[in-house]
Engineer: 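My structure is below; once you've seen it, I'll send some questions.
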Amino acid sequence: MKMRSWFFAIVIAGSVLSAVARDLQRVPLGDAEVGFTIHLGVPKIAGMDVIAKEMEQFFVTTNGDTHVAMWKGHPACGAGFTVTATFTKQGEGWTYSFAYAGLEGVLEVESVAFPELTVPHTPQAGVLYARAHGMGLVRRPDWKKLPFGEPIDEANPKAFKFAAVLDEAATSWYLDARDTQRWSKTVFAKKGDWEGTKATIGFQWLAPADGARAGRLPWEGLITSFKGSWYEAAMIYRPWARSQPGYKAAAARRRGKLRDIAFWAWNRGKSDRVIPPIERFAKDSGVPVALDWYWWHRPSYDTGYPNFWPPREGEESFRRAVARLRKGGIYVMTYLNGLSWDQDDPSWADGGEASVIMNHDVEYAGIPFNVYTKHRLARMCGEAPLFQRRIEEQVSKLAAAGLDGVYLDQISCGTRGGCWNPAHSHVKGGGHYIVDGYRDYVGRVRAANPGIDLSSEECSEDFMDVFDSFISLFGPTYERCGVGALPECEAVPVWNAIYHGAVTCFGTYSLLGGIPPWDDLWPAAERWKEERDWHTLFPDQFAIEFARGAVWGNQPSVHNLLMEHATDAKYEREWRFMVETARFYHANRDFLYDGEMLAPGTLDCQREDADFMIRGIYSKNGSYRAVHERGLPSVFHNVWRAPDGRVAAILVNWTRGSRRYRLDCPAGAAEGELPARSWRLERLEGAR
Ligand SMILES: [Zn+2]
């Protein structure tokens, strides 16, 4: 190997290149260092990583506010292989760009991880990022115990495209990807040194498999240090995010009936099971409510897609049920899966393989979500006209039945990665053709069915202007959904801090009584033989989940609302809490729906532990997990500004006893005592 040559034309102003940065050939930005990893490969051959440290030469030159870092030569990529990163000072931070050229050899660039931002932190620090599901996640691992080199997480960032190291006691760091074209990418976080005193965060771009010997990262971005936590990080991102066409189009839309909904029942099954409880709730609460109706369709859940029609109770019965709901003023939306095709269904022969996403090795394998039929659901590419036509036909049939909305499962969260299907005309590998194809197809569904609202799974920037609403489960109900290990994981409403009101958000997985719904088309022998008194064993889980979603500004929602919840005395407290929550949300929707989320400040209140049951619809007889959450605030809160400028804190006590609180936030201060399971609005003076 050639000797490395070192040449620093000008030492970067205001910083001294640390020994570590120099050894690793990273670019110093204040206390931070920036490196890269380029992954090379070709299908069916194991690839290799090229990292900054392995390059033969490394130069940093400075011209005014701009630093240009250049790495040159690599044993596997050729002496002429050059990587260039440019950093330009902007305010307290730096904008960046990245390019490479002169790649030699047979391997191709498959992905680029840049910037890999490594920063020092104190032991309590966490990382903040978005995944495919949820509104934002903070992880605070035990840094010393983490393995070095292994990612803490690699995720498809759907809700926002920034990541941060949150070190509230010292200096926090922020990094974003200002991608205006919706490229496939992942976000990652890992331990940044052996000792556990540094963290590394970054984005990885999945490159097109076009054999190019040169290329550039198709976005620029910002790196900066800041003081604060997740909300302050969101505020760095928000001005750029709200300047984007997708946000502007979403925010400018008319809301129609969606704006006034104050309670959702996410119910599954036949009409006589799903309808009466929401009718009863509408009557008791006196506010507009909605039914999100699953399992109205012919095949059993997660089987037979995309062939949903006819309804399992018959067309006439279905139309009557929809008419009854709408006559009662209840908004009604039904489930469809908009992304997956059952590869074990006979219909697969008529276009499945022509539509499916194939991986790097030109293979595909659907996932058997339904554990009883074991039919595999395979993900469709954005270039899938035969699949899309089938869904378009199904939506038109539903629209003709008089619905308010149609839910298209998986699209918002599940459009990711690259496709290597040889039948497709798009460039293989990374790109934005999957999201583009889905946006076009959802656009056609919309155009063909005027007046029908469209909804999808979990919030995403990619689709915020083509869907009217998003269901959000992995945010408010993150413990139940098993999002990472507790207590290191905490879901936070970053999406709402940036985008609240641009898209209607609702949803929780809250199950009063703790029993998931059961599809009557599944084998009866697999049904749980014995249920325990979950309501007593997990007495606060429902209230925490339900209250958390609403205090974040999402429309209050529950899963599997049953008539017994209205009639059985053991649920009386929770039924009353649901009714009061819906009324409170409705009365204050100028804050909670239309408002802007302000800095939450600090809320002093009693901290309490709670137990959560993790049990899904497919959990086998008797099989569930319990997790213990320590030190949750007994009073949840957020601070909101209504469109007319009024500012208020919204507070909710989820516990079974009265609790005191003292709030101090930039918009003002308040203190008081909240009765068990109750809400309060505290007007604040505004900025001070
Ligand atoms: Zn494809």
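Predicted model, so just to flag it, every value in this text is computed and none were measured. Start at 1 and go down the list; that is how both ligands and their atoms are numbered.
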Engineer: Taking 2.8 Å as the upper limit, name the protein N, O or S atoms near the Zn ion (ligand 1).
Structural biologist: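 Correct list: C381 SG, C419 SG, H424 ND1, H426 NE2.
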
Engineer: Would you call D342 and R376 a salt bridge, taking side-chain N to carboxylate O under 4.0 Å as the test?
Structural biologist: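 Between R376 and D342 there is no salt bridge, as every charged N stays at least 4.0 Å from the carboxylate O atoms.
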
Engineer: Using the ring centroid of each side chain, check whether W266 and Y294 are separated by less than 6.0 Å.
Structural biologist: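 That pair passes the under 6.0 Å test.
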
Engineer: Taking the six-membered ring for Trp, is the centroid-to-centroid distance between Y301 and Y335 below 6.0 Å?
Structural biologist: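 Under 6.0 Å, so yes.
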
Engineer: Centres of the Y237 and F162 rings: under 6.0 Å?
Structural biologist: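 Centroid separation for Y237 and F162: below 6.0 Å.
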
Engineer: Pick one: which of D440, L454, V406, L336 meets side-chain contact (heavy atoms from CB on, under 4.5 Å) with V445?
Structural biologist: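 So the option named by the test is L454.
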
Engineer: Step through it carefully: locate the ring centre of W522, locate the ring centre of W295, and say whether they are under 6.0 Å apart.
Structural biologist: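 Judged by ring-centre distance (under 6.0 Å), W522 and W295 do meet the cut-off.
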
